[in-house]
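Hydrogens, waters and symmetry mates are skipped; everything else that's a heavy atom, side chains included, is used. In each ligand, atom 1 is the first atom listed, and ligand 1 is the first ligand listed. Just so you know, residue 1 is the first one in the sequence shown, and it goes up from there. Just so we're clear, the structure is a prediction, and the values are computed from it rather than from any experiment.
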Amino acid sequence: MNYGYFDETNKEYVITRPDTPAPWANYLGSPEYGAIISNNAGGYSFVKSGANGRITRYIFNSEDKPGRYIYLRDNDNGDYWSASWQPVGKDLAVYKNECHHGTAYTNIKAEYKDIETEALYYVPLNKTYEVWRLKVTNSSDKVRNISTFGFIEFTNENNYENDQVNLQYTLFITRTYFKENKILQTINENTGKNADGTNFRERFFGCVGAPVVSYNGDKDSFLGRYRSYGNPKAVEEGKCDNVLNYNSNGCGALHSVLELQPGETKEIVYVLGQYNDEQSSEILDSYSDLSIVEKELAQLKGYWHGKLGNLQINTPSKEFNSMINTWNAYQCFITFIWSRAASFIYCGLRNGYGYRDTVQDIQGIIHLDPDMAAEKIRFMLSAQVDNGGGLPLVKFNHNAGKEDTPDDMSYVQATGHPAYRADDALWLFPTILKYIAETGNKAFLDEVVLYANGGEGSVYDHLQRAIRFSMERMGDHNMPAGLHADWNDCLRLGKKGESTFVALQLYYAMTILRGFAEVKGDAEYIGYLNKVQEELGNTIQTICWEGDRYIRGIKEDGQVIGSKKDPEANMWLNPQSWAVISGLATKEQAETALESVHRELNTPYGVRVMAPSYVDHAFDGALAILFNPSTKENGGIFSQPQGWIILAEALMGHGNRAFEYFMESSPAAQNDNADTRILEPYVHGQFTEATESPFEGRSHVHWLTGTASTVMVGCVEGILGMRPDADGLLVAPSIPSDWKEMTINKKFRGKDLQILVKNPDGAQSGCKEFYINGEKLDRNYIPANKLKDNNEVVLIM
Ligand code: NOJ
């Protein structure tokens with residue numbers, strides 16, 4: 001069963017049935033002015049912070065209400081409906097609805113009793129307010145008299161928790177006013193100031209295109225007693241009672257009347273934001289020529305499609321194409337920009353960037369916008385402490401050079417993060433490697449960046465300190481200590497416990513840094529790295545390899561975690577994939593470990609993070625047991641590691657297996673299985689329930705997940721085989737053997753590459769012949785100095 005389809009041409013996901021298994025969301029704007037909207041117009045808006053800058057209400061964990069509602073009423077018979085299916089929820093036999101989620105805009109089309117509507121929602125590029133453009137068309141052959149009601153429910157306080165629970169205060173601090181074409185809301189008006197000393201807040205909801213004939217600034221007056229969003233009294237009666245709020249809940253409700261000749265279309269533009277009377281009038285005036293909306297929409301599309309255009313592919317798999325060309329790429333930008341700030345699951349309370357999250361998020365966009373990536377890499381380097389570790393949480397108002405660290409009580413109190421994590425700074429290595437490889441910008445290594453707590457150093461110095469951080473914190477077996485946790489938040493091995501995953505990350509980091517040391521001609525450091533890496537490699541191979549798998553780690557008290565002897569959690573995914581990615585596993589070990597993964601962890605919906613789930617045999621520190629079996633870290637199909645296993649299989653040249661894992665876990669591949677997956681078929685979630693769950697295949701925690709970047713990397717670097725290094729581009733696809741041909745259009749260092757891959761013999765990887773601009777090369781590598789502005793590349797597998 002599906003609820004929609006991918007429109008590749010317009011880069012939209014089109015929802016053809018509004019009764020989706022869950023609210024299927026889209027992101028508008030940026031955290032400067034952020035708006036999350038569902039296919040039924042549910043959602044919320046905020047300025048700068050989902051928690052502290054909330055301007056509109058949303059009831060989390062509930063029925064996707066309220067939202068940005070536009071009601072319509074046929075004044076000749078009193079029948080009413082909404083431009084989105086909800087909240088009125090007309091019978092779908094007579095009410096038709098299509099939601100087009102696009103890149104930073106959502107357009108909801110409806111048709112009911114010969115009235116067609118389009119409600120387009122977006123935040124104009126670089127603006128901090130939102131626009132709703134309503135188009136109403138009379139497709140009948142008689143004159144129609146239609147009332148429209150634009151409605152938004154304001155919060156009474158910018159802090160959303162206070163707004164919800166501190167009612168003895170928040171109910172008595174706001175007022176609304178009506179002025180010509182807008183409702184203006186004020187908070188703490190008498191003071192002229194907010195509690196934090198800033199000018200008191202004013203929000204507005206206004207419209208242009210049709211006069212306002214009645215209004216409400218008081219929510220209860222608009223909805224009526226014992227009614228709800230689905231049947232507001234004002235809409236039912238065809239008129240608001242012009243009551244404003246005073247010691248009650250505020251709203252903006254604006255009623256207009258449109259007389260429509262047969263075939264005629266009329267438009268109204270609503271604007272919502274946190275601006276005062278004067279500013280909001282200016283903003284509204286700027287829409288008096290309604291055609292500006294089309295220009296702003298074209299600008300938005302141009303911006304996003306331009307970025308996505310830097311890698312466009314055409315393969316035999318429409319699921320792969322949709323994800324790589326549009327949706328996975330767009331999700332990478334959303335996670336990059338929004339981090340884990342706000343969704344329908346993240347309620348806006350995370351007040352900063354998780355170090356590892358953001359450093360990994362960057363990887364997903366490097367091939368699409370390396371400059372944007374570089375800026376964030378610098379930022380994250382400036383959140384590295386001078387001892388080499390990463391700040392577990394980087395505050396949104398991070399003040400490089402002046403921050404406290406987990407060694408200071410003040411940091412612990414402010415962030416709730418009590419200690420360093422073993423892996424945080426190690427994520428810098430692959431991220432910086434990918435950036436330098438994509439751009440060829442080796443000079444990046446010499447850029448000087450502040451440390452979080454003071455002092456500065458070159459990027460090269462930052463990386464050396466990251467290695468030192470791990471080397472100075474070794475456990476009893478000379479592997480990096482687990483510290484507070486590694487990538488797996490639920491794995492507490494003890495401060496001196498040791499994690500195989502981190503050991504493999506460190507091993508890989510040393511390889512990467514050796515490459516940089518070569519660039520710098522730093523022979524002494526190369527000598528050091530050679531020595532410590534060999535020792536570390538030998539240790540991992542001796543202590544962690546069990547013949548068909550790598551163990552997950554060793555607890556502080558010596559207990560081995562993830563041994564095949566264990567009754568539960570005896571097989572873990574990440575040490576196997578990372579043994580390959582890190583380059584440590586021999587070919588034989590890699591083949592064996594990957595086979596073990598397939599045998600013991602694979603499911604129809606992807607690969608489990610470990611199995612069997614903890615039920616009776618968890619060690620203390622195995623926080624995963626808090627979750628139901630087959631859920632999240634407790635044996636669930638955690639989505640982020642799917643990217644790593646795809647990459648590992650692709651690096652081994654196993655195109656069939658890499659693609660099998662892509663398809664199992666890909667949202668797009670579940671489009672026709674939407675009632676099982678529940679989550680949006682166009683975005684990755686944090687995890688999918690595995691075999692022991694009665695709801696196997698159901699996915700959770702939409703949008704803001706590191707999965708976007710790991711799967712992107714697994715697909716682009718792995719399956720498509722776009723593997724740049726500082727001097728050129730290796731083209732080494734690992735594809736399903738039944739793919740006969742594919743094309744990859746890639747922007748690389750300002751040049752255009754049109755790559756045609758032919759696979760006449762049904763290979764999964766490898767290269768027989770390789771050409772650039774008609775010239776045959778002896779291997780599948782394009783030296784950067786051979787690139788022209790436009791390049792035709794042919795690879796015959
Ligand atoms: C979610 C966190 O955001 C991510 O950093 C972590 O690695 C995963 N949980 C796995 O525990």
Side-chain angles (χ1 to χ4, degrees), residues 331-332 334-336 338-343 345-364 380 383 389-394 415-417 419-428 430-431 482-493 499-502 504-505 552-553 561-562 569 572-575 577-578 581 601 606-610 613-614 618 621-628 630-645 665 683-690 699-711 713:
Q331 189 180 2
C332 283
I334 296 298
T335 55
F336 176 91
W338 290 67
S339 186
R340 308 297 176 267
S343 70
I345 301 296
Y346 287 107
C347 307
L349 289 179
R350 273 227 194 162
N351 218 3
Y353 300 99
Y355 201 90
R356 84 165 76 90
D357 290 343
T358 297
V359 176
Q360 288 179 84
D361 290 346
I362 296 168
Q363 292 183 16
M380 293 311 290
L391 287 176
L393 189 91
V394 186
T415 64
H417 286 268
Y420 292 100
R421 278 137 209 268
D423 64 321
D424 275 339
L426 293 176
W427 293 104
L428 290 167
T431 302
L483 306 184
H484 190 63
D486 68 3
W487 169 86
N488 189 325
D489 297 322
C490 296
L491 201 58
R492 301 287 156 85
L493 298 167
S499 147
T500 313
F501 188 0
V502 178
L504 291 164
Q505 280 187 281
R552 185 60 176 83
I561 305 304
W572 292 69
L573 172 59
N574 293 336
S577 53
W578 272 82
I581 294 169
L601 298 177
V607 186
R608 300 174 69 180
V609 71
M610 57 81 154
S613 307
Y614 283 122
L623 302 189
I625 196 163
L626 295 170
F627 299 117
N628 291 326
S630 282
T631 302
K632 288 181 68 110
E633 284 92 341
N634 196 17
I637 301 161
F638 221 90
S639 309
Q640 199 178 356
Q642 309 304 309
W644 299 325
I645 192 70
S665 61
V683 288
H684 289 281
Q686 187 199 62
F687 76 99
T688 300
E689 292 173 55
S699 296
H700 298 269
V701 192
H702 65 170
W703 279 97
L704 303 182
T705 157
T707 315
S709 67
T710 60
V711 174
V713 170

Using a cut-off of under 3.5 Å, which N/O atoms of ligand 1 pair up with protein N/O atoms, and what distance separates each pair?
residue: ligand 1; atom: 3 (O); partner: D357; partner atom: OD1; Å: 3.2
residue: ligand 1; atom: 3 (O); partner: D357; partner atom: OD2; Å: 3.1
residue: ligand 1; atom: 5 (O); partner: R356; partner atom: NH1; Å: 2.9
residue: ligand 1; atom: 5 (O); partner: D357; partner atom: OD1; Å: 2.6
residue: ligand 1; atom: 7 (O); partner: R356; partner atom: NH1; Å: 3.3
residue: ligand 1; atom: 7 (O); partner: W487; partner atom: O; Å: 2.6
residue: ligand 1; atom: 7 (O); partner: W487; partner atom: NE1; Å: 2.9
residue: ligand 1; atom: 9 (N); partner: D489; partner atom: OD2; Å: 2.8
residue: ligand 1; atom: 11 (O); partner: W487; partner atom: O; Å: 3.3
residue: ligand 1; atom: 11 (O); partner: D489; partner atom: N; Å: 3.0
residue: ligand 1; atom: 11 (O); partner: D489; partner atom: OD2; Å: 3.2
residue: ligand 1; atom: 11 (O); partner: E633; partner atom: OE2; Å: 2.5

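- Take S613 and apply the side chain to side chain contact (heavy atoms under 4.5 Å, CB included) test, not counting sequence neighbours, and it matches R608, P629, S630, N634, E692.
- Remark: R492 pairs with H484, A485, L623 by the side chain to side chain contact (heavy atoms under 4.5 Å, CB included) rule, at least two apart or across chains.
- Taking the six-membered ring for Trp and thresholds of 30 and 60 degrees, W427 and F501 have ring planes more than 60 degrees apart, a perpendicular arrangement.
- Between D489 and K632 there is no salt bridge, since no side-chain N of the basic residue sits under 4.0 Å from a carboxylate O of the acidic one.
- Remark: the W487 side chain and the Q640 side chain contain an N/O donor-acceptor pair separated by less than 3.5 Å.
- Residues that satisfy the side-chain hydrogen bond (donor to acceptor under 3.5 Å, both in side chains) test with S639, not counting sequence neighbours, are absent from this structure.
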